[in-house]
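Below is one structure, written out as structure tokens; comments come after it.
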Amino acid sequence: MLRLLLLFSFFCGVSLLGAQNPPIPTMNFELSAPNSPQQLVSSLNVLVLLTLLFLAPSLVLVMTTFTRFVIVFGFLRQALGTQQVPPTQLLVMLGMILTFFVMEPVGVKAYEDGIKPYIEQKIGYEEAFDKTALPFKNFMIRNTREKDLALFLRIRKMENPASVAEVPLSIVIPAFVISELKTAFEIGFLLFLPFLVIDMVVASILMSMGMMMLPPVMIALPFKILVFILIDGWNLLIGNLIASIK
């Protein structure tokens with residue numbers, strides 16, 4: 001998990017600092033006026049790197065399948081009608097665990113191809129960034145609709161790239177996010193259907209019995225939970241969620 005977060009931090013750090021291949025700045029916490037422009041640039045580089053470390057968790061949201069997992073789990077809880085059960089914190093942690101499970105091969109490949117050679121001083125900033133970004137680009141593009149990629153390419157007025165390596169991250173990331181949102185909503189809609197049928201059946205039975213004042217949701221809740229348990233819902237849902245990822 002820590003390795004994946006470090007990968008995301010390295011991503012942005014290299015993209016901002018690697019264009020001119022500057023030396024890695026040293027940490028100096030003295031409050032004094034810079035003696036040279038190079039000293040000022042080094043201090044600003046440290047500030048940028050520290051900022052990127054704080055942004056790394058946000059990158060997990062937009063460059064992985066975390067969005068899909070969390071939205072589907074939210075739809076499931078609403079479809080069951082269990083209010084705050086499971087609690088939001090548990091659903092978020094489950095989404096994080098599944099995200100790292102899915103993204104581990106991608107993170108390992110990015111580390112072996114880009115970060116490890118860079119640490120061993122075999123390649124420079126720019127090459128390390130390209131090799132580290134490529135596995136994530138491949139993953140995101142595999143799970144992104146062509147229509148969404150074309151949308152942002154059209155907004156930028158760019159021609160269709162010849163290869164994945166030529167697609168900038170500024171195009172891939174937003175296209176991937178809206179594709180994940182669409183996929184999550186489609187799965188959420190399918191989740192709602194069986195539980196909606198149970199609600200309608202229970203409401204019809206109560207109306208036929210003249211029990212108008214009894215809330216149908218309260219009566220349907222145990223039946224929906226029972227059905228979810230009988231079909232081994234968590235196993236079925238998580239298995240199909242991971243299988244839907246390319």
Side-chain angles (χ1 to χ4, degrees), residues 1 3-12 14-15 55-77 79 91-115 129-156 158-193 233-246:
M1 295 173 67
R3 176 183 292 182
L4 193 57
L5 288 174
L6 291 175
L7 281 173
F8 286 122
S9 301
F10 178 83
F11 254 176
C12 297
V14 172
S15 64
L55 292 177
S58 299
L59 293 175
V60 175
L61 300 179
V62 297
M63 297 179 65
T64 67
T65 56
F66 179 77
T67 301
R68 181 184 307 192
F69 290 136
V70 169
I71 291 177
V72 170
F73 293 153
F75 274 121
L76 173 64
R77 187 170 66 181
L91 293 181
V92 171
M93 286 305 301
L94 179 59
M96 288 292 293
I97 292 171
L98 293 176
T99 299
F100 284 112
F101 174 79
V102 171
M103 298 299 297
E104 182 181 9
V106 180
V108 170
K109 181 172 177 55
Y111 177 82
E112 295 292 336
D113 294 348
I115 295 183
F129 172 73
D130 292 337
K131 291 185 175 181
T132 305
L134 187 57
F136 288 92
K137 279 186 180 180
N138 290 332
F139 174 81
M140 287 189 287
I141 289 179
R142 286 198 307 269
N143 293 277
T144 302
R145 299 183 304 163
E146 293 183 4
K147 182 179 180 181
D148 296 328
L149 277 175
L151 170 65
F152 290 96
L153 288 172
R154 186 170 64 253
I155 292 173
R156 282 283 183 89
M158 297 174 59
E159 296 183 356
N160 292 334
S163 63
V164 173
E166 296 179 6
V167 183
L169 282 175
S170 59
I171 298 294
V172 176
I173 292 177
F176 174 73
V177 171
I178 63 175
S179 292
E180 286 293 287
L181 288 172
K182 182 178 186 297
T183 302
F185 273 73
E186 289 175 345
I187 297 174
F189 171 75
L190 296 176
L191 277 175
F192 256 98
L193 289 180
W234 286 111
N235 184 287
L236 186 63
L237 175 62
I238 291 176
N240 282 279
L241 272 175
I242 295 178
S244 67
I245 299 169
K246 302 177 183 178

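Just so it is clear, the model here is predicted, and its values are computed rather than measured.
- For the pair L98 and F66, the minimum side-chain heavy-atom distance is 4.5 Å or more.
- Here the side chains of T65 and F139 are in contact, with some heavy-atom distance below 4.5 Å.
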Apply the test side-chain contact (heavy atoms from CB on, under 4.5 Å) to residues Y111 and V106: give CA-CA distance (whole Å), side-chain angles for both, the deciding distance (0.1 Å), then the verdict.
CA-CA 9 Å; Y111 177 82; V106 180; over 6 Å; no

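- In this structure, L191 and L76 approach most closely via the heavy-atom pair CD1-CB, 4.1 Å.
- The CD1 atom of I187 sits 8.5 Å away from atom CG of N240, with the distance rounded to the nearest 0.5 Å.
- The CG atom of N138 lies 4.5 Å from the CG atom of L134; values are rounded to the nearest 0.5 Å.
- For the pair L91 and R77, the tightest heavy-atom approach, listed with the atom from each and the gap, is CD1-NH1, 4.0 Å.
- Rounding to the nearest 0.5 Å places NZ of K246 at 12.5 Å from CD1 of I141.
- Heavy atoms only, all atoms of each residue included: S179 and N143 are closest at CB-O, 3.8 Å.
- Distance check, rounded to the nearest 0.5 Å: NZ of K109 to OG1 of T132 gives 11.0 Å.
- Aromatic ring centres of F75 and F189 lie farther apart than the 6.0 Å criterion allows.
- Rounding to the nearest 0.5 Å gives a distance of 7.0 Å between OG1 of T67 and CZ of F176.
- Under the 4.5 Å side-chain criterion, counting only non-hydrogen atoms from C-beta, E112 is in contact with V108.
- Atom CD of E146 sits in a sparse spot, with 12 or fewer heavy atoms from other residues, nucleotides or ligands closer than 6.0 Å.
- Side-chain contact between D148 and R145: present, with at least one pair of heavy atoms (C-beta onward) separated by less than 4.5 Å.
- Taking CD1 of I155 as the reference point, atom CD1 of I171 lies at 8.0 Å (rounded to 0.5 Å).
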Check against side-chain contact (heavy atoms from CB on, under 4.5 Å), W234 and L94
CA-CA 11 Å; W234 286 111; L94 179 59; 4.2 Å; yes

Derivation of the side-chain contact (heavy atoms from CB on, under 4.5 Å) call for M158 and F152
CA-CA 9 Å; M158 297 174 59; F152 290 96; over 6 Å; no

Please lay out, stage by stage, how F73 and L241 fare under the test side-chain contact (heavy atoms from CB on, under 4.5 Å).
CA-CA 11 Å; F73 293 153; L241 272 175; 4.0 Å; yes

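- Residues F136 and V172 form no side-chain contact, since every pair of their non-hydrogen atoms from C-beta on lies 4.5 Å or further apart.
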Take S244 and R68 through the side-chain hydrogen bond (donor to acceptor under 3.5 Å, both in side chains) test and state the conclusion after the steps.
CA-CA 10 Å; S244 67; R68 181 184 307 192; 2.8 Å; yes

